[in-house]
Amino acid sequence: MLYTQDRTEQRKFLANAWQKFLGKKILDPLESQLTQVIEIHPEYHSLIQNVESDYFPEQGEVNPFLHINLHLSLREQLSINQPHGIKEIYQKIINSTGDSHEAEHKMMDCIAEMIFSSQKNNLPMDHQAYIRCLETQAQ
């Protein structure tokens with residue numbers, strides 16, 4: 001049920017997966033992926049159950065649900081090497097940072113920038129700009 005346009009339903013899915021994880025219940029593969037990301041973000045553990053909260057980036061707030069889903073999106077891209085070459089870029093960033101989690105965050109900044117620009121300008125996502133951003137992160 002994660003793939004829905006309903007923000008509350010998406011958040012409930014994530015919160016339910018986290019509760020199953022904490023209760024040591026069997027997780028499906030998607031729930032397992034989500035909980036792996038949540039687990040490495042202890043700062044979000046107490047926020048996950050608050051599915052109705054709003055977060056305002058202009059006030060310096062990070063939306064934990066968006067952040068977790070950006071991790072998941074990036075990991076999906078890496079698993080299928082799409083866009084082509086992203087795995088190599090990821091490895092270069094890991095080599096320069098020495099930390100896979102930090103490398104993911106650098107790459108997620110590029111995803112967020114692409115989405116923001118698309119929404120702000122009411123245009124399709126610019127995948128070429130995304131690749132250029134990733135390549136810049138790899139330098």
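Small disclaimer: the values here were computed from a predicted structure and weren't measured.
Side-chain contact between His67 and Tyr55: absent, with no pair of heavy atoms (C-beta onward) separated by less than 4.5 Å. Counting heavy atoms from C-beta outward, Leu30 and Phe13 have side chains that approach closer than 4.5 Å. Within the 4.5 Å cutoff, the side chain of Cys133 has no heavy atoms near those of the Met114 side chain. Within the 4.5 Å cutoff, the side chain of Ile131 has heavy atoms near those of the Leu134 side chain. Residues Arg11 and Asn63 meet the side-chain proximity criterion, which asks for heavy atoms closer than 4.5 Å. Counting heavy atoms from C-beta outward, His71 and Gln36 have side chains that stay 4.5 Å or more apart. Using a 4.5 Å heavy-atom threshold, the side chains of His41 and His101 count as touching.
Using a 30° and 60° split on the angle between ring planes, Trp18 and His45 fall in the tilted class, from 30° to 60°.
Considering only residues two or more places apart in sequence or on other chains, His127 meets the ring pair (Phe, Tyr, Trp, His ring centres under 6.0 Å) condition with none of them.
Of all heavy-atom pairs spanning Val62 and Pro64, the tightest one is O-CD, 3.1 Å. The heavy-atom pair separating Phe65 from Val51 by the smallest distance is CZ-CA, 4.1 Å. Residue Ser118 comes nearest to Pro124 through the heavy atom pair OG-C, 3.7 Å, listed as atom of the first residue, atom of the second, then distance. Residues Leu27 and Lys20 approach most closely at CD2-CB, 3.5 Å, considering heavy atoms. Closest of all the heavy-atom pairs between Ala112 and Leu70 is CB-CD1, 4.2 Å. Here the closest non-hydrogen pair linking Ala15 and Gln49 is O-NE2, 3.2 Å.
Distance CD/Gln77 to CD1/Ile111: 4.5 Å, rounded to 0.5 Å. Atom CD1 of Ile93 and atom CD1 of Ile89 lie 7.0 Å apart (nearest 0.5 Å). The structure places OG of Ser73 at 12.0 Å from CD1 of Ile68, a figure rounded to the nearest 0.5 Å. Ser53 OG to Ile48 CD1: the interatomic distance, rounded to the nearest 0.5 Å, is 10.5 Å. The CD atom of Glu9 sits 5.0 Å away from the CG atom of Asp6 when rounded to the nearest 0.5 Å. The distance from atom NE2 of His105 to atom CG of Leu74, rounded to the nearest 0.5 Å, is 10.0 Å.
No continuous path of ILVMFWY side-chain contacts below 4.5 Å connects Tyr130 to Phe116, so the two sit in separate hydrophobic clusters. Under the 4.5 Å side-chain heavy-atom criterion for Ile, Leu, Val, Met, Phe, Trp and Tyr, Leu72 and Ile115 are members of distinct hydrophobic clusters. Residues Val37 and Tyr90 fall into different hydrophobic clusters, defined by Ile, Leu, Val, Met, Phe, Trp and Tyr side chains chained together at heavy-atom separations under 4.5 Å. Leu14 and Leu47 fall within a single hydrophobic cluster, where Ile, Leu, Val, Met, Phe, Trp and Tyr side chains are chained together by heavy-atom contacts under 4.5 Å. Neither Leu34 nor Met108 shares a network with the other; the hydrophobic side chains, linked directly or stepwise wherever heavy atoms of I, L, V, M, F, W or Y lie under 4.5 Å apart, form separate groups for each.
Between Asp54 and Arg7, at least one side-chain N (NZ, or NE/NH1/NH2) sits under 4.0 Å from a carboxylate O, which counts as a salt bridge.
Other residues, nucleotides and ligands place no more than 12 heavy atoms under 6.0 Å from the CD atom of Glu113. Within 6.0 Å of atom CD1 in Ile26, 12 or fewer heavy atoms from other residues, nucleotides or ligands are found, so the atom counts as exposed in its surroundings.
Side-chain N or O atoms of Asn81 include one that pairs as donor or acceptor with a backbone N or O of Ile86 at under 3.5 Å.
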- Task: Let me see the working for Gln82 and Glu76 under side-chain contact (heavy atoms from CB on, under 4.5 Å), right down to the final yes or no.
- Result: CA-CA 8 Å; Gln82 286 297 324; Glu76 176 67 17; over 6 Å; no

